[in-house]
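Notes for the one structure printed next.
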Amino acid sequence: MAASAQRERIYTVVAQIPPGRVTTYGRVARLADAPTPRMVGSAMRHLPEDSTLPWHRVIAASRRLADHGGAERQRERLLAEGISFTAAGKVPESRLWP
DNA sequence: ATGCCGGCTCAGC
DNA sequence: GGCTGAGCCGGCA
């Protein structure tokens with residue numbers, strides 16, 4: 001399979017995440033049949049600014065926001081969707097999208 | 001074509 | 001629960 005096709009599949013999966021829900025890089029990787037979770041992060045990093053993809057709904061397996069430049073932005077977007085954070089900055093497990 | 005850098009994860013302390 | 005090291009594979013310079 002072509003590598004670019006994998007990114008498309010990743011994008012497709014991410015697009016399926018319903019508002020108010022989040023999922024992890026690992027989950028996306030599994031669903032998109034990506035070789036490794038890193039590819040998901042890589043795919044996200046290459047997203048254009050004007051992308052409508054809900055990248056903010058993808059978090060780390062620890063249920064915290066991944067460490068990247070837009071983490072602040074991501075946190076706000078999630079809050080806007082009604083996602084609550086624990087004192088430790090983690091997302092409740094019940095918010096995870098299967 | 002080669003090398004270095006990632007929006008990670010898991011196992012082990 | 002938190003830190004560290006290693007593995008992993010695709011982009012991009």
What is the distance from [atom1] of [X] to [atom2] of [N], rounded to the nearest Å?
X: A:Met44; N: B:dT9; atom1: CE; atom2: C1'; result: 17 Å
X: A:Gln74; N: B:dC8; atom1: CD; atom2: P; result: 11 Å
X: A:Arg38; N: C:dA6; atom1: CZ; atom2: P; result: 14 Å
X: A:Arg64; N: C:dG1; atom1: CZ; atom2: P; result: 10 Å
X: A:Met39; N: B:dG6; atom1: CE; atom2: C1'; result: 8 Å
X: A:Arg63; N: B:dC8; atom1: CZ; atom2: C1'; result: 16 Å
X: A:Asp67; N: B:dC5; atom1: CG; atom2: P; result: 17 Å
X: A:Tyr25; N: C:dC8; atom1: OH; atom2: P; result: 21 Å

Looking for any heavy atom pair under 4.0 Å, which part of the strands does A:Val40 touch: base, sugar-phosphate only, or nothing?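 A:Val40: no heavy atom of the nucleic acid under 4.0 Å.
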Base, sugar-phosphate or nothing for A:Thr36? Non-hydrogen atoms, less than 4.0 Å.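 Here A:Thr36 touches the backbone only, sparing every base.
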Would you call A:Val22 and A:Val58 a side-chain contact if the rule is heavy atoms closer than 4.5 Å?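 Counting from C-beta outward, A:Val22 and A:Val58 never come under 4.5 Å.
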N-O pairing of A:Arg57 and A:Glu81 below 4.0 Å: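 Looking at A:Arg57 and A:Glu81, the cut-off is met.
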If you only use heavy atoms from C-beta on, which nucleotide in C:dG11, C:dC9, C:dG7 is closest to the side chain of A:His46?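 The answer is C:dG11, which lies nearest to the side chain.
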Side chain of A:Lys90 only, please: which of C:dG1, C:dC8, B:dT9 is the nearest?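 Taking heavy atoms from C-beta onward, the closest nucleotide is C:dG1.
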According to a hydrophobic-cluster definition based on side-chain heavy atoms being under 4.5 Å apart (Ile, Leu, Val, Met, Phe, Trp, Tyr only), do A:Leu53 and A:Tyr25 belong together?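 As far as the 4.5 Å side-chain criterion goes, A:Tyr25 and A:Leu53 are connected within one cluster.
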In the strands shown, is C:dC8 matched to any nucleotide by a Watson-Crick or G-U wobble pair with both distances under 3.5 Å, and which?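 Its partner is none (no Watson-Crick or G-U wobble pair with both distances under 3.5 Å).
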A:Leu78: which of A:Gln74, A:Arg75, A:Glu76 passes side chain to side chain contact (heavy atoms under 4.5 Å, CB included):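 Going through the options one by one, the only one that passes is A:Gln74.
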